[in-house]
Protein chains: 2
Amino acid sequence: MTGRPRTFDKDAVLRMAMRAFWERGYDGVSVAQVCAEAGIAAPSLYAAFGDKEALFEQACALYTEHLDEDLERDLSAPAARAAIERLLRSAAEHFTAPGQPPGCLVMGEPRLTERRDRTRDMIRARLRRAAAEGELASAAEADGVAAFVDTVLSGMAALARDGADRNRLLDAARFAIRAWPA
Amino acid sequence: MTGRPRTFDKDAVLRMAMRAFWERGYDGVSVAQVCAEAGIAAPSLYAAFGDKEALFEQACALYTEHLDEDLERDLSAPAARAAIERLLRSAAEHFTAPGQPPGCLVMGEPRLTERRDRTRDMIRARLRRAAAEGELASAAEADGVAAFVDTVLSGMAALARDGADRNRLLDAARFAIRAWPA
DNA sequence: GACGTTGTTTATTGGTCGTTACAGAAGGAA
DNA sequence: TTCCTTCTGTAACGACCAATAAACAACGTC
């Protein structure tokens, strides 16, 4: 029993919703707006994705899919300093990607604290490994560097949303790397 | 003709509104919520402050009153490096002030791009002065440092809102200062 | 063809939003 | 007192919000 087939592209609608949440945040996007942009009626959207929170979660999953891959790839560099350098450079590029909203969906959304914490945990873990391998002086120093990297990352997302171009963000990343312990 | 006197403390209500906007942002605060917390009816609030946007502007003016003073005081240090160091330290303390919402009303509010740009202009101006005085290599270098400082400042506000304590922010500020050109 | 399932359409629900009309209350001035 | 002005309380406005009920349409299967 297959029933009547869906008349719209579910993935395409999810991409539209992701983009809307990325640009204006959870509270800034109404279900009616997504429906209007997608050209579908509300019951179709509710049937396909569930309520607004469920739609938001699926949009976030789509957003973070590629993002987590990039993060792990960057952090996998043999030297921690190079890993952070790559991380910050990737972030500058992602936050200013042409054809996409500026900034970061995760960094800009107040309700995604948990997901931000996960990213921060990954960064801190990578830097503690660097401390264990002798690349940093101590675990305490590693946590300090981690707090600094988290700060720069969040700040770059904020600057991008305020209209900073890619070079400004790359400048910030370049200067941040200077702070690496000698 | 004085008319009937006001029965509530206008400044106290404005402080409540400022705190609410600080915690939850413009869209996260409803006029009804402010009225309930203040114990007044909507027409009283509208008569005293105008519409929601006017209330928000007055709350912002109250918030930035002390903030602009602090910024100018910090930036007035003779050495630019010391000025930035003081600025970041003050920010860490302000963003985690006990009894106040974490983070920054201006940094957290999407619609206050203009006011953030003003702060950034002040920082950039201070650093260009440093370049003119020989403390930095060039105006281009000054702009790079300015982008970096803006990033750290915005990032510290974001971390504070996510629950980072004062020491984490001070760690970040301390490491940021390390990036200062030798 | 009829049946069961699923998607679409229209219209509506109860709720909250920002804002205001209106009538009454509290002050000073005549 | 009577007037004028300003504030307060109640009640309501239209607009938008997220979410759904009900009727109809399109598919595979029988």
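Letters A, B, ... mirror the listed sequences (proteins, then strands); counts begin at 1. Predicted model, so just to flag it, every value in this text is computed and none were measured. Side chains are part of it too, since the values below use all heavy atoms of this structure and drop only hydrogens, waters and symmetry mates.
- Taking CG of B/L127 as the reference point, atom CD1 of B/I84 lies at 4.5 Å (rounded to 0.5 Å).
- In this structure, B/A47 reaches neither bases nor backbone, as no heavy-atom distance under 4.0 Å exists between it and the strands shown.
- Judged by closest nucleotide on DNA chain C, B/K52 is the one of B/K52 and B/T2 placed further toward the 5' end.
- One atom, CG of A/D27, and another, P of C/dG18, lie 12 Å apart when rounded to the nearest Å.
- The base of D/dC7 sits with one of its N or O atoms less than 3.5 Å from a complementary donor or acceptor on the side chain of B/R4.
- Atom NZ in A/K10 sits roughly 11 Å away from atom P in C/dT8 (whole-Å rounding).
- Between the CD atom of A/E53 and the C1' atom of D/dC17 there is a distance of 14 Å, given to the nearest Å.
- As judged by a 4.0 angstrom heavy-atom cut-off over every strand, A/P5 is placed among residues touching the sugar-phosphate backbone only.
- Base engagement by B/A42 is indicated by at least one non-hydrogen atom pair under 4.0 Å involving a base atom.
- Looking at A/R129 and A/E133, a side-chain N of the basic residue comes within less than 4.0 Å of a carboxylate O on the acidic one, giving a salt bridge.
- Residue A/V34 is classed as having no contact, given no heavy-atom separation below 4.0 Å to the nucleic acid.
- A cation-pi arrangement is present between B/R6 and B/F8, with the terminal nitrogen or guanidinium carbon under 6.0 Å from the aromatic centre and inside a 45° cone about the axis.
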